[in-house]
Amino acid sequence: QVQLVESGGGLVQPGGSLRLSCAASGSILSINDMGWYRQAPGKQRELVAAFISGGTLSTADSVKGRFTISRDKNTVYLQMNSLKPEDTAVYYCKCGVLTMTKTYLDFWGQGTLVTVSS
């Protein structure tokens with residue numbers, strides 16, 4: 001129906017940078033919201049940054065000034081700079097999609113692991 005393909009995770013040293021991307025494809029009429037969440041070991045999944053309904057940008061306080069979200073049609077990016085060990089997590093892309101069948105559904109990517117360690 002709708003597929004989200006993520007890429008860009010990996011191992012990086014503290015202070016380094018990574019860029020994540022997530023491309024949505026399939027039965028898409030429109031994408032209402034699109035963004036990134038993360039889940040660290042033993043913790044709940046949390047919002048990192050997202051374009052939500054109406055185009056409003058929501059960003060977690062912990063990443064403000066370091067992470068930048070951007071979007072180009074059906075692809076969303078997360079530029080992560082000045083990475084810290086506490087940014088280590090599995091990062092998930094999430095899209096709120098109005099499908100070709102006029103159904104609104106949330107879709108999640110498979111997750112990409114970001115490890116910040118020296």
Side-chain angles (χ1 to χ4, degrees):
Q1 199 175 21
V2 174
Q3 299 79 39
L4 301 182
V5 178
E6 302 173 7
S7 62
L11 172 64
V12 63
Q13 292 186 342
S17 298
L18 282 174
R19 188 188 194 214
L20 307 183
S21 65
C22 171
S25 62
S27 180
I28 298 171
L29 194 59
S30 65
I31 297 178
N32 191 49
D33 57 271
M34 203 170 192
W36 294 94
Y37 294 71
R38 68 185 181 186
Q39 188 166 17
K43 294 188 176 181
Q44 290 188 332
R45 192 171 298 188
E46 62 177 3
L47 170 72
V48 177
F51 296 105
I52 58 177
S53 180
T56 302
L57 177 61
S58 180
T59 306
D61 289 342
S62 59
V63 306
K64 283 181 179 177
R66 300 189 297 121
F67 291 11
T68 302
I69 187 172
S70 60
R71 177 180 171 181
D72 181 12
K73 296 181 181 179
N74 290 353
T75 301
V76 64
Y77 304 94
L78 186 68
Q79 178 66 45
M80 305 185 293
N81 298 328
S82 302
L83 281 159
K84 304 175 181 180
E86 51 263 44
D87 294 318
T88 295
V90 178
Y91 284 70
Y92 296 91
C93 171
K94 174 183 172 287
C95 292
V97 175
L98 182 64
T99 69
M100 292 294 187
T101 59
K102 303 295 179 66
T103 303
Y104 188 84
L105 296 169
D106 286 336
F107 293 90
W108 291 87
Q110 78 280 7
T112 185
L113 178 62
V114 172
T115 303
V116 184
S117 175
S118 55

Engineer: Hey, any chance Met80 and Leu47 share a hydrophobic cluster, counting ILVMFWY side chains that come within less than 4.5 Å of each other, even indirectly?
Structural biologist: no
Engineer: Working to the nearest 0.5 angstrom, can you tell me the gap between Leu29 CG and Lys102 NZ?
Structural biologist: 6.0 Å
Engineer: Is the NZ or CZ atom of Arg45 positioned over Tyr92's six-membered ring, under 6.0 angstrom from the centre and within 45° of the axis?
Structural biologist: yes
Engineer: Test Thr99 against Ile28 for side chain to side chain contact (heavy atoms under 4.5 Å, CB included), laying out the working first.
Structural biologist: CA-CA 5 Å; Thr99 69; Ile28 298 171; over 6 Å; no
Engineer: For a quick test of your reading: what N or O donor-acceptor pairs under 3.5 Å do the side chains of residues 105-118 make, sequence neighbours left out?
Structural biologist:
unit_1, atom_1, unit_2, atom_2, d
Gln110, NE2, Glu6, O, 3.4
Thr112, OG1, Gly9, N, 3.2

Engineer: Go through Phe51 and Asp33 one step at a time and tell me if the side chain to side chain contact (heavy atoms under 4.5 Å, CB included) criterion holds.
Structural biologist: CA-CA 5 Å; Phe51 296 105; Asp33 57 271; 5.9 Å; no
Engineer: Test of understanding: with salt bridge (Lys or Arg N to Asp or Glu O under 4.0 Å), list the residues that count as partners of Asp87, not counting sequence neighbours.
Structural biologist: Arg38, Arg66
Engineer: Can you tell me how far OG of Ser30 sits from CG of Asn74, rounded to the nearest 0.5 angstrom?
Structural biologist: 9.5 Å
Engineer: Indicate yes or no: at least one non-hydrogen side-chain atom of Trp36 is less than 4.5 angstrom from one of Ile69.
Structural biologist: yes
Engineer: Is there a path of hydrophobic side-chain contacts, each under 4.5 Å between heavy atoms of I/L/V/M/F/W/Y residues, joining Tyr91 to Tyr37?
Structural biologist: no
Engineer: Checking Arg71 side chain against Lys73 main chain: does a donor-acceptor pair fall under 3.5 Å?
Structural biologist: yes
Engineer: Would you kindly confirm whether Tyr77 and Leu4 end up in one hydrophobic cluster when ILVMFWY residues are joined by side chain heavy atoms under 4.5 Å apart?
Structural biologist: no
Engineer: Taking all atoms of both residues into account, what is the closest heavy-atom pair of Val97 and Ser27, and its distance?
Structural biologist: CG1-O, 4.4 Å
Engineer: Give me the atom names and distance for the closest heavy-atom approach of Cys95 to Ile31.
Structural biologist: CB-CG2, 4.4 Å
Engineer: May I ask you to check whether the SG atoms of Cys22 and Cys93 are separated by less than 2.5 Å?
Structural biologist: yes
Engineer: How far apart are the C-alpha atoms of Phe67 and Val48, what are their side-chain angles, what is the distance that settles it, and do they pass the side chain to side chain contact (heavy atoms under 4.5 Å, CB included) test?
Structural biologist: CA-CA 9 Å; Phe67 291 11; Val48 177; 3.7 Å; yes
Engineer: Please answer: with hydrophobic residues joined when any side-chain heavy atoms are less than 4.5 Å apart, are Met34 and Leu57 in the same cluster?
Structural biologist: yes
Engineer: At what distance, to the nearest 0.5 angstrom, does CG of Asn81 lie from CD of Gln79?
Structural biologist: 4.5 Å
Engineer: In terms of hydrophobic clustering (I, L, V, M, F, W, Y; side-chain heavy atoms under 4.5 Å; direct or indirect links), are Val90 and Leu18 co-clustered?
Structural biologist: no
Engineer: Is the number of heavy atoms from other residues, nucleotides or ligands within 6.0 Å of CD (Gln44) greater than 12?
Structural biologist: no
